[in-house]
Amino acid sequence: MDADVFKVAKKLLGKFLVTNFNGIITSGMITEVEGYNGEIDSASHAFKARRTQRNEIMYATGGTAYVYICYGIHHLFNVITNEKDIPHAILIRSIEPVENIDVMMKRRGKKKLDYALTAGPGALSKALGIHIKHNGELLYSNLIWIEDRGVKIHSRKIVSTIRVGVEGAGRDARLPYRYIIEGNKWITRTPK
DNA sequence: CGACCGATCGTCT
DNA sequence: GACGATCGGTCGA
């Protein structure tokens with residue numbers, strides 16, 4: 001929980017996102033994130049304080065998972081970061097796979113191990129088994145959590161770019177709120 | 001490689 | 001009734 005969603009977003013790089021479903025642990029190191037600055041961010045689901053059934057969880061206390069479905073198919077995983085009623089969110093966009101990679105490949109229907117296994121928010125959710133039913137899950141639960149394993153990402157290695165897929169988001173569409181680990185190959189393409 | 005396009009359905013107007 | 005905080009396949013160079 002922190003007042004500055006972008007500071008938290010950068011801190012999440014190098015942390016490990018872990019799931020434990022049906023006794024199987026899968027995990028990866030976070031390599032790409034995007035910050036969504038609540039009610040004043042025209043690319044955020046909570047823009048203009050529009051509170052709906054879908055985005056209600058964004059108003060929960062920091063440390064809660066916000067999962068929603070995009071394009072009818074993909075489950076996108078976000079971390080809520082602020083106090084109750086302040087809808088700041090961080091979209092986890094890519095991870096570098098670490099534990100039980102074979103399970104993740106099976107979930108994704110992949111035969112080759114490459115960046116596509118866990119690059120992109122829909123892809124990593126599928127690989128980790130994250131589902132819409134985990135919306136509202138607490139990230140200090142025993143199902144989904146974030147671990148610090150001592151990996152330090154120096155601020156010089158953090159690159160910011162515009163966010164992906166928000167071209168039509170209006171005023172804030174081109175703000176540099178996407179953060180990636182420089183040189184890491186486990187990330188999606190950078191938009192123009 | 002890059003560009004394009006169809007899939008697919010919950011959510012909001 | 002329209003439209004996504006996307007993905008993966010195909011096509012052409």
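Below, chain A is the first sequence line, B the second, and so on; all start at residue 1. None of the values given here were measured: they were computed from a predicted structure.
- Side-chain proximity of Ala123(A) to dC7(C), dA5(C), dG8(C): nearest is dC7(C).
- Looking at heavy-atom distances under 4.0 Å, Ala169(A) makes no contact with the nucleic acid at all.
- Following rounding to the nearest Å, Ile90(A) (CD1) and dA5(C) (P) show an atom-to-atom distance of 18 Å.
- Ala119(A) comes within 4.0 angstrom of sugar-phosphate atoms only, judged by non-hydrogen atoms across all strands, and of no base.
- For His45(A) against dA5(C), a side-chain N or O and a base N or O form a donor-acceptor pair under 3.5 Å.
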Atom pairs and distances, donor-acceptor, side-chain atoms in residues 109-120 of chain A, under 3.5 Å, two or more places apart:
| unit_1 | atom_1 | unit_2 | atom_2 | d |
| --- | --- | --- | --- | --- |
| Asp114(A) | OD1 | Ala116(A) | N | 3.1 |
| Thr118(A) | OG1 | Ile95(A) | O | 2.7 |

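- Across all strands, Arg54(A) comes closer than 4.0 Å only to sugar-phosphate atoms, never to a base (heavy-atom distances).
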Show me, pair by pair, the donor-acceptor contacts under 3.5 angstrom made by side chains of residues 67-80 of chain A, not counting sequence neighbours?
| unit_1 | atom_1 | unit_2 | atom_2 | d |
| --- | --- | --- | --- | --- |
| His75(A) | ND1 | Ile132(A) | N | 2.9 |
| Asn78(A) | ND2 | Tyr66(A) | O | 3.3 |

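- Between Leu76(A) atom CG and dT8(B) atom P the separation is 18 Å, expressed in whole Å.
- Summarising the geometry, the separation between CZ on Phe47(A) and P on dT13(B) is reported as 13 Å, rounded to the nearest angstrom.
- Side-chain atoms of Val164(A) lie closest to dT6(C) of the nucleotides dT6(C), dA5(C), dT13(B).
- Atom NE2 of His75(A) is separated from atom P of dT6(C) by 14 Å (rounded to the nearest Å).
- Side-chain rings of Tyr36(A) and Tyr177(A) stay apart, their centers remaining 6.0 Å or farther from each other.
- For the pair Glu167(A) CD and dT6(C) C1', the computed distance is 11 Å after rounding to whole Å.
- Of the side-chain N and O atoms in Arg189(A), none sit less than 4.0 angstrom from OP1 or OP2 of dC1(B).
- A 3.5 Å limit on both hydrogen-bonding distances identifies no Watson-Crick or G-U partner for dA5(C).
- Computed from coordinates, the Met105(A) CE to dG8(C) P distance equals 13 Å when rounded to whole Å.
- Among the heavy atoms of the strands lying under 4.0 Å from Arg108(A) are primed sugar atoms or P, OP1, OP2 only; no base atom is included.
- Toward the 5′ end of DNA chain B lies the nearest nucleotide of Tyr71(A), the other residue of the pair Tyr71(A) and Asn55(A) mapping further downstream.
- Look at Asp4(A) and Lys11(A) and you find no salt bridge, because none of the NZ, NE, NH1 or NH2 atoms lies under 4.0 Å from a carboxylate O.
- For Leu117(A) and dG8(C), the CG to P distance is 10 Å, given to the nearest whole Å.
- One can place CD of Gln53(A) at 9 Å from C1' of dT11(B), the figure rounded to the nearest angstrom.
- Comparing dG8(C), dT13(B), dA5(C) by their closest approach to the side chain of Arg50(A) singles out dT13(B).
- Within 4.0 Å (heavy atoms only), Ile73(A) reaches at least one base atom of the nucleic acid.
- Between Lys10(A) and Glu34(A) there is no salt bridge, since no side-chain N of the basic residue sits under 4.0 Å from a carboxylate O of the acidic one.
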